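Small disclaimer: the values here were computed from a predicted structure and weren't measured. In each ligand, atom 1 is the first atom listed, and ligand 1 is the first ligand listed.
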Amino acid sequence: MLFDRSGPGADYERLIAVQDPGSGLQGVLVLHSTHLGPAFGGIRRARYPDEASLVADACALAEAMSFKCALAGLEAGGGKMVLFDHPGLDRRAAYRAIGRFIEQLGGGYVCGPDIGTGDEELGWVRAETGFVNPLGNDAAGMTARGVLAGLRGVGRHLDGNPSFEGRSFLVQGLGAVGSRVASALVAGGATVYATDRDAKRIQWAKDAGIRPVAVEDWASTQADVLVPCASGGLLDEEVAARVPVGAICGSANNPTTGRDAQSVLAKRGVVYVPDLVVNAGAVIEGVLTMTQGASDAVRQAAKRQVDKIEATTLELLAQADAGPLPGDLAREMAQARLGKEPA
Ligand code: NAD
């Protein structure tokens with residue numbers, strides 16, 4: 001399993017098993033690439049049926065971080081720690097043990113938030129090491145800023161106009177990122193539809209001037225742009241063949257089920273912006289504040305760098321007009337910067 005070369009991220013540099021019997025901690029750290037600098041990536045804590053699925057997820061997620069950093073022009077590599085979540089896990093002790101482990105690595109890996117790892121967990125890690133996304137960073141806010149930059153790039157690509165005014169958007173998922181994106185789109189004069197499984201989020205949407213759509217109706221809701229900000233993998237080939245939107249651009253990791261679904265979108269002329277390009281806002285802020293200091297000036301510089309996602313999106317979509325899938329192009333651009341052969 002460790003040397004199975006078939007899946008995404010299987011060409012990693014190091015895979016380290018992490019275990020702390022006292023707390024019930026079991027997981028892996030994958031350092032996918034440190035070619036451009038230390039590996040940055042969050043700690044995911046989730047239920048997995050077995051070791052193989054945990055390792056495969058860690059490899060794919062670590063690779064995505066390497067690619068994201070490379071595409072964002074950062075002097076940083078990609079990694080990911082993935083832990084088994086289970087009822088017997090002593091979270092506080094587990095995350096303290098993780099902090100000691102990260103400290104031993106001496107800066108080769110810098111951790112941040114992910115599914116299952118929020119402010120509380122990072123606080124426990126921070127008690128043991130400084131190689132953690134700095135306090136005061138705004139991961140969701142910066143990710144939303146990057147999505148909005150990507151959406152301006154989509155507008156420029158479609159008709160030369162980056163403005164949201166007069167356009168319609170369907171935001172899928174009104175959590176930390178989606179709610180910020182949806183609010184900004186409303187403020188920008190757009191018509192905004194949104195779905196969320198959480199009734200409280202829908203009530204918030206109504207109060208914010210957003211038009212709610214039933215969760216099961218998202219794939220039949222007409223809009224200029226679909227903005228996936230929920231979980232990944234919701235756009236399979238069948239949905240890709242009929243979703244009535246002109247473009248797709250959002251923060252969700254891997255919103256499509258893969259290349260086949262992206263091909264279907266391309267054949268229909270639906271513009272697709274890969275998540276690797278668009279959802280780099282948090283890691284841009286994380287890398288700059290870790291390497292240059294968590295000052296206001298550095299945070300302003302991070303915002304300017306996140307805004308460049310607009311230009312990257314435009315460039316990628318222009319190249320995709322010549323035929324290649326945007327997802328393939330993004331991977332090729334990242335691999336070139338990482339000095340890796342295309343898979
Ligand atoms: P979140 O958990 O705060 O919000 C997700 C929202 O989606 C929740 O409100 C949830 O109820 C809703 N949801 C889940 N499944 C749904 C479905 N099938 N239909 C409709 N709504 C659904 O997460 P977030 O931090 O806002 O992140 C959103 C996405 O962006 C995730 O895929 C995440 O991995 C990705 N992402 C987030 C960041 C970040 O900085 N937060 C960075 C990069 C990528």
Of all protein heavy atoms, the one nearest atom 7 (O) of ligand 1 is Gly173 CA, 3.5 Å
Can you sort out which atoms of ligand 1 are near Ala139, meaning under 4.0 Å from one of its heavy atoms?
40 (O)
Surrounding CG of Asp207 (heavy atoms of other residues, nucleotides or ligands, distance under 6.0 Å), is the total greater than 12?
yes
Identify the protein heavy atom lying closest to atom 41 (N) of ligand 1, giving its residue, its atom name and the separation to 0.1 Å.
Val177 CG2, 3.5 Å
Any donor-acceptor N or O pair under 3.5 Å, side chains Asp217, Ser220:
no
Below 3.5 Å, N or O to N or O, backbone or side chain included: is there any such pair between Arg201 and ligand 1?
no
Under 3.5 Å, is there a donor-acceptor pair linking the side chains of Thr117 and Tyr95?
yes
Could you identify the single nearest non-hydrogen protein atom to atom 39 (C) of ligand 1 and state the distance to 0.1 Å?
Thr143 OG1, 3.5 Å
More than 12 non-hydrogen atoms from neighbouring residues, nucleotides or ligands closer than 6.0 Å to CD on Glu238, yes or no?
yes
With nothing but distance in play, are any N or O atoms of Arg44 less than 3.5 Å from an N or O of ligand 1?
no
Whether over 12 other heavy atoms sit under 6.0 Å from Arg299 CZ
yes
How far apart are the C-alpha atoms of Glu75 and Arg337, what are their side-chain angles, what is the distance that settles it, and do they pass the salt bridge (Lys or Arg N to Asp or Glu O under 4.0 Å) test?
CA-CA 10 Å; Glu75 301 301 316; Arg337 192 154 184 252; 3.0 Å; yes
Nearest-contact summary for atom 13 (N) of ligand 1 - protein heavy atom, Å
Ala230 CB, 3.7 Å
Any donor-acceptor N or O pair under 3.5 Å, side chains Asp296, Gln300:
no
Could you tell me the residue and atom name of the protein heavy atom closest to atom 43 (C) of ligand 1, and the distance to it rounded to 0.1 Å?
Asn279 O, 3.7 Å
Interfacing atoms of ligand 1 (cut-off 4.0 Å, heavy-atom, Thr195):
20 (C)
Atom 28 (C) of ligand 1 [closest protein heavy-atom partner, distance rounded to 0.1 Å]:
Cys229 O, 3.2 Å
Charged N-O contact under 4.0 Å between Glu315 and Lys308
no
Nearest non-hydrogen protein atom to atom 3 (O) of ligand 1, with distance, is Ala176 N, 2.9 Å
Whether over 12 other heavy atoms sit under 6.0 Å from Asp50 CG:
yes
In terms of atom number and element, which parts of ligand 1 are under 4.0 angstrom from non-hydrogen atoms of Ser231?
15 (N)
When distances are taken from atom 9 (O) of ligand 1, the protein heavy atom at minimum range is Asp196 OD2, 2.6 Å
Look at ligand 1 and say whether Ala140 reaches it with a heavy atom at a distance under 4.0 Å.
yes
